[in-house]
Amino acid sequence: MQALLQLFNRLGLARVAAMAVVALLTLGFLAFLIIRTSTPNYALLYSGLAMEDSSAIIEELQKQNIPYELRGDGDTILVPREQITQLRMSLASSGLPNHGQVGYEIFDSQSSLGATSFVQNINNVRALEGELARTIGSLNRIKSARVHLVLPERALFSREQKEPTASIVVSVRGELSGGEIRAIQHLTAAAIEGLTPARVAIVDDTGRLLASGSGNGPDDILSAETEERTLNVETRFRNRVEELLSNVVGVGRARVQVSAQLDLQNTTWTSESYDPNGQVVRSTQTRELANSSKAPADNAQVSVSTQLPGTPTDAANGASTEQGSTQEETTNYEISKTTETRRTDSGGIKRLSIAVVVDGTYSTDADGKLVYAARDQAELDQLTALVKSAVGFDENRGDLVQVTNLQFADQPATGPGTAAAGLFDFSREDLMNIAEMVVTLAIALALMLFVLRPLLRRVLTPEDKPLALPPQAQVPVPTVDEAGVVQPAPPWITDAVQESSKHSAAVKTVGELVTQNPHQAALVVRDWLSGSM
């Protein structure tokens, strides 16, 4: 302790305080780095949870001794990043999360013994609503869904039957297309007996009506399908043309708009044609007739004997004989006939109108500024020919393609020869990690430059400077004259040397006496101390 106290006395209070501050700051910074390194990197497990799901998941995490963190109002749970996949699989095996909806597991937790038919019907409706909500919520664009079903019971001895209806509230990411809305309607209608897609109403979380569900839906659905089909055709042609032009004029340097008219009528016609030169004999029929008759004379007597055939008295009686023949021939011809039946389905392209605007070219002048230059007509004609070939241009149906060169309001962000965009694209998580590293490094540098460095400099700098002797007390340097003779020192120096020699001899003598008689020396020192006190 005495050595430690002597060290502190030699360093001084200011130096000791500075060293303590430096040690505390260094230890604090090292502790921060150790805690930050040992703290697990949390990532999102689930978000937008219902309170029931959040409570059940936290209880499961506590059972498994897994650290977690709650965000928001308790609807967001974060866990260590390396355990996310395992936890999701484990929770899925337990049926979590169920988004606050009850499915068919309601029948597993309840006993049907003693349950009335009313309760069973209510549970059945709840199970259907929960299962449909889970299925709809599993779609990519749907964050959550809530389903309400109205399943009317058929009254006894009643011929009229009320149709079931459904209403769905969805929370979406972005905006649903017409095809996705109809898919939800058909999905719901297929799961409920007797429900038609036209009786399904859909509303998003902003209160916007996506499907009315009024029941007068065939025409509305047909018009929506027509609009969706037209939009798909226009989008397909626009993407095709933009992809083609982006490789020629650059990405984002062309704007394409397509207007398509579709033939939405189903047409069926049948035509028959006959070839007059293609006659073929089908059948021939020939008939020949021969007859003979006798006419009696005017004065001949008519009796039975005269009328018998072969009577020799016929000629004698003056009778006349007539004979004749008839021949008929009928020929049937088969004329060649061609029957043609054609059917045209709806959806064919009736007319295409395509408008293309391309930007000019840019070059860098001596000052480093971009200079715009318009494209010549020959290049525009080549682009027009490319667009016509890409869309299947047909002049007979009235297609129109117009390619125009105009300067865009926004100039290219990168000049020629620069690196392509996207080389330094980072995710949000990467940016947060980089920012955290930069902040930590900046704090460490600031601590070293503005805290540790001044404190270390103060510690290492001597506290007291040696005092300079006055001019009269300084020992003169011996001088040598021209002859090489050393000049004698001043008299006071000689006297000081003599006094110092006497004092040293006296101290030596006292030391020898103390060594020889230590007991007596101790008694003398004790008497001195007692007298001084």
Side-chain angles (χ1 to χ4, degrees), residues 43-54 56-57 70-78 84 88 91-92 95-104 125-151 164-192 195-236 238-239 427-429:
L44 180 64
L45 179 64
Y46 290 112
S47 63
L49 295 172
M51 289 295 122
E52 297 84 357
D53 292 340
S54 181
I57 292 174
L70 290 177
R71 295 283 180 86
D73 296 332
D75 59 349
T76 303
I77 301 177
L78 285 79
I84 285 182
R88 286 179 178 174
L91 294 174
L96 295 174
N98 55 17
H99 303 288
Q101 302 289 340
V102 180
Y104 285 116
V125 173
R126 291 180 61 191
L128 288 174
E129 291 176 349
E131 294 294 334
L132 281 173
R134 294 176 184 177
T135 304
I136 296 173
S138 64
L139 300 178
N140 188 23
R141 301 287 296 278
I142 306 297
K143 292 192 292 185
S144 62
R146 187 172 179 84
V147 180
H148 299 279
L149 298 177
V150 178
L151 305 178
T165 58
S167 58
I168 303 174
V169 180
V170 294
S171 177
V172 299
R173 300 181 181 91
E175 185 176 356
L176 294 179
S177 62
E180 292 171 335
I181 295 173
R182 290 195 304 275
I184 296 176
Q185 287 182 303
H186 285 275
L187 176 65
T188 306
I192 306 299
L195 181 62
T196 59
R199 305 288 293 181
V200 179
I202 302 177
V203 182
D204 63 2
D205 52 355
T206 61
R208 189 163 57 97
L209 182 64
L210 303 179
S212 62
S214 59
N216 301 323
D219 295 336
D220 296 338
I221 294 178
L222 181 60
S223 61
E225 291 179 354
T226 301
E227 183 180 356
E228 184 74 16
R229 186 180 299 180
T230 303
L231 182 62
N232 290 337
V233 171
E234 293 176 351
T235 303
R236 185 174 71 251
R238 182 172 63 252
N239 293 338
S427 62
R428 183 178 180 181
E429 182 180 351

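Smallest separation of non-hydrogen atoms from I202 and Q185: CD1-CG, 3.7 Å. The nearest pair of heavy atoms linking I142 to I136 is CB-O, 3.4 Å. Contact between R88 and L44 at its shortest, heavy atoms only, is NH2-O, 3.3 Å. Here the shortest heavy-atom pairing between A145 and G137 reads CB-N, 4.3 Å. Nearest heavy atoms, E175 versus R208: CG-NH2, 3.7 Å. Here the shortest heavy-atom pairing between T188 and L195 reads O-CD2, 3.8 Å.
The backbone N or O of A166 lies less than 3.5 Å from no partner atom in the side chain of R199, so there is not a single donor-acceptor pair. Remark: side-chain polar atoms of R146 are not paired, donor with acceptor, to backbone N or O of A133 under 3.5 angstrom.
Once rounded to the nearest 0.5 Å, the distance linking CD of E129 with CD1 of I192 reads 8.5 Å. Rounding to the nearest 0.5 Å places CZ of R173 at 10.5 Å from CG of L139. To the nearest 0.5 Å, the span separating CD1 on I77 from CD1 on I57 amounts to 4.5 Å.
In this structure, R134 pairs ionically with E131, as a charged nitrogen and a carboxylate oxygen lie closer than 4.0 Å.
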- Step by step, work out the side-chain contact (heavy atoms from CB on, under 4.5 Å) result for L210 and L176. CA-CA 9 Å; L210 303 179; L176 294 179; 4.0 Å; yes
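The side-chain contact (heavy atoms from CB on, under 4.5 Å) test with L149 singles out one residue from I168, L132, T165, V200, and that residue is L132.
Every residue was checked against the salt bridge (charged side-chain N to carboxylate O under 4.0 Å, His left out) condition with E234, not counting sequence neighbours, and none meets it.
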